[in-house]
Chemist: 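The following block contains the structure, expressed as structure tokens.
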Amino acid sequence: MPIDWNEEDRVFHLHNSKISYLLQIVHGKYPAHLYWGKRVMTLQPGSILSFKGRAFSPTTEPNDKNFSLDTLPQEYPAFGNGDFRTPAYQIRAPDGSTITEFVYDSHEIFQGKRPLEGLPSAYVEDDTEADSLVITMVDSMLGVGMNLHYTIYRELDVITRSVSFEHLGCQAVEIYKCMSMSVDFHQSDWDWLHLHGTWGRERHIERQPLHHGIQTISSARGSSSHQHNPFIALLSKDANEEYGGVFGCTLMYSGNFQASIEVDPFQTSRLSVGINPFDFTWLLKPGETFQTPEALMVYSADGLGGMSRTYHKLLRTRVCRGVYRDKTRPILINNWEATYFNFNEKKLKSIADAGKELGVELFVLDDGWFGQRDNDKSSLGDWYENKKKLPNGLKGLADYLHTKGMQFGLWVEPEMVSPDSDLYRRHPDWCLHVPGRNRTLSRNQLVLDLSRDEVCDYLIETLTRVFRSAPISYVKWDMNRNMTEVGSAALPPERQKETAHRYMLGLYRILEKLTARFPGILFESCSGGGGRFDPGMLYYMPQTWTSDDTDAVERLKIQYGTSIVYPAITMGANVSDVPNHQVGRTTPLLMRCHVAMAANLGFELNIDKLSSDDKKVIMTEINEYHQIKDLVGFGDQFRLLSPFDGMDTAWMYVAPNQEHAVVFYYKILATPNPPFFRLKLRGLNPLEKYKVNKGKKRYFGDELMQMGLTLPLIKKDYTSAIFQIEAVKK
Ligand code: DGJ
């Protein structure tokens, strides 16, 4: 059984063949953290904890002066009765105090994994895939129960955690803070790594040594954000792409989050991840339950690369859902950078026709097709087609594309409303706002109040009408601002600080309904590019528009950083015109294609105005993409050279049976008189013989990995190459 309960030592051991997670109920009350990491066999795990009375650390147990919550490594710590470190939760009692004493009550172990009520969560397709543990703690004075939920997957080195609070008493309490997980590690000589950025520059990698005190990343923007991805990792000092211990934790949530690590004087590091407690409170009334989002925790003994590959498999196969989960995605052409708001049916058809000729499969109509929207100043909320631009409507355009053998995709931004819109004129109180205060605009728009059921219902019905109005195969769901004046006209004063979380619950309800109603639509989430690239959105939409920055050089960093957690099949990547609209850089079309081909290939340019040479490049690359797209989409990714370290970037994708692989190499700026360079591959079968790009030479996997693939001397900036590696059986 992958979850053992040692009654005598009161120890739980969650394990599969590669990882172990151990916790113990100490003094019959407190769940203490013993270990998380590489699989261990244990005889007496109950004796691993050491206790020592420390000055200024209070003792809660009168008969055990060495015991203190302040030094106990804990699973879900409180504040106020002995532990002075960062608490995992805080609850305000009816008497105004915030002292709680949850103690162990009971537990349940079962096969499988239960979904989370109203929230996205990792799933199983069969109960034998995972095992779960629920530890129930009770504060009898408060009359509240707290369930600590754990699941361990058998074939993935993943543990999921979440917490639910159940009010069993008779007076309402307020939850001020409730993280999804907290772990007290027994060491702190680690680095921590996270993904930071901004619009156009998402998910850059930052790695730093841990220091004493608290280090935190968070979002209070109402979305998971461009600025910090809801992901954090702890790495042993020697950990690199291939070696060393790495603990990753990501939150399956698309709203405000916090991830922090506190290092105490005894070198304990407390990692906690959950909803951002800043500006959050939840009123829990008798009979009600509050469920936190789920944390997805990965341990890898094989460095960052090993952690990424586990996340990739988890997200691809047990987070993403729907018919597209196991399918490669159509090659698309999007009109945004070609036309912005300035288009008519003729221009769209000309882009689609040119795309079709080159092998593009799906035409996506971006912003500007509805209401009176000729710029970003109006019409969000008015989801009916603009007949001036589309005299034959969406249906007319979609039918035209279908006769050409192309699919039709549509952009929407349903969560927003323009003050200059019929919707806003009808329902001025349907946006997030605080009465009497300014309604701060961003990109000239306001955010609809999805904490309100009627707003969500309206959106479900409106979008259902739009999606049924034409044969639509793909929807790009955008969200182009962050939240301000976060208040709801429908909530009483004591519930105002629930608005941001209720918004997320409303959004998830809408997405659940629409994705179930339209199972054939491929949904892509977007928030001004990658402002909401998180596992929560991926549960509903199996891909995200990675960034508005489509410059090939910038994209190397963005896609490399994104791949730390997210697989290539979840990333939208379009080839755009030069000079690039974001950074003004001119890179060769071949390199732009090669960067986009390392994810879901698309185009976003005046494809109808290309020279015949450029058209040839695109046709050749689309042809090559068809040969490699399964590998990119479903292979194991190995990062070989980092764009954060120099002028070279390389990564590769290897088929699970190791018979095929594809290597992408990019040189940003060339060096005069350069040295010869061998690129060391990874993930191949050392004993297998391979050929490269259908060449005559044969190489053992070992050779390619240890001695490397010799690259030609590169004399030009922005050079790129793709190598297809194929096992040779004879
Ligand atoms: C932001 C997106 O990221 C772009 O691709 C485009 O769809 C614009 N919004 C349209 O307003």
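This one's a predicted model, so the numbers in the text were calculated from it and none came from an experiment. Numbering of ligands and ligand atoms starts at 1, following listing order. For reference, positions follow the sequence shown, starting with 1.
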Chemist: What do we get for E524 next to ligand 1 when only non-hydrogen atoms under 4.0 Å count, side chain, backbone, both or neither?
Modeler: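 Neither part.
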
Chemist: Does some side-chain heavy atom of V565 sit less than 4.5 Å from a side-chain heavy atom of R203?
Modeler: no

Chemist: Take a 6.0 Å sphere around CG of D717 and say whether it holds more than 12 heavy atoms from other residues, nucleotides or ligands.
Modeler: yes

Chemist: State the atoms of ligand 1, each with its element, that fall below the 4.0 Å cut-off from a heavy-atom position in C526.
Modeler: 2 (C), 3 (O)

Chemist: Run the side chain to side chain contact (heavy atoms under 4.5 Å, CB included) test against N256 and tell me which residues pass, sequence neighbours left out.
Modeler: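 N256: side chain to side chain contact (heavy atoms under 4.5 Å, CB included) contacts with S219, N276, A500.
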
Chemist: Give me the residue, atom name and distance of the protein heavy atom closest to atom 6 (C) of ligand 1.
Modeler: D366 OD1, 3.4 Å

Chemist: What protein heavy atom sits nearest atom 1 (C) of ligand 1, and how far away is it?
Modeler: D478 OD2, 3.0 Å

Chemist: Any Lys/Arg nitrogen of D382 or R373 sitting under 4.0 Å from an Asp/Glu carboxylate oxygen of the other?
Modeler: no

Chemist: Hey, which atoms in ligand 1 end up nearer than 4.0 Å to a heavy atom of W545?
Modeler: 3 (O), 5 (O)

Chemist: Ignoring angles and geometry beyond distance, decide whether R373 reaches within less than 3.5 Å of ligand 1 through its nitrogen or oxygen atoms.
Modeler: no

Chemist: Taking distance alone, with N or O pairs closer than 3.5 Å, would you say G529 contacts ligand 1?
Modeler: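 Min N/O separation from ligand 1 is below 3.5 Å for G529.
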
Chemist: Flag K476 as yes when one of its N or O atoms lies below 3.5 Å from any N or O atom of ligand 1, and as no otherwise.
Modeler: yes

Chemist: Measure the distance from atom 4 (C) of ligand 1 to every protein heavy atom, then report the residue, atom name and distance (to 0.1 Å) of the closest one.
Modeler: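 Of the protein heavy atoms, D548 OD1, 3.4 Å lies nearest.
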
Chemist: Does any part of the side chain of P535, heavy atoms only, come nearer than 4.5 Å to the side chain of E294, both counted from C-beta?
Modeler: no

Chemist: Taking the side chain as every heavy atom from C-beta outward, state whether E357 and D353 have any pair of such atoms under 4.5 Å apart.
Modeler: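 No; the side chains remain at least 4.5 Å from each other.
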
Chemist: Near N480, which atoms of ligand 1 are under 4.0 Å from a heavy atom of that residue?
Modeler: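 Every atom of ligand 1 under 4.0 Å from some heavy atom of N480: 1 (C), 9 (N).
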
Chemist: Any heavy-atom pair between the side chains of D366 and N335 that's under 4.5 Å?
Modeler: yes

Chemist: Which option, F341, W336, Y340, owns the non-hydrogen atom nearest atom 8 (C) of ligand 1?
Modeler: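 Nearest heavy atom to atom 8 (C) of ligand 1 lies in W336.
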
Chemist: Scan for ring pair (Phe, Tyr, Trp, His ring centres under 6.0 Å) pairs involving residues 568-616, sequence neighbours excluded, and state none if there are none.
Modeler: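 Matches after skipping sequence neighbours: Y340-H581.
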
Chemist: Starting from atom 11 (O) of ligand 1, which protein heavy atom do you reach first, and at what distance in Å?
Modeler: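 Protein heavy atom with the smallest distance to atom 11 (O) of ligand 1: D367 OD2, 2.7 Å.
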
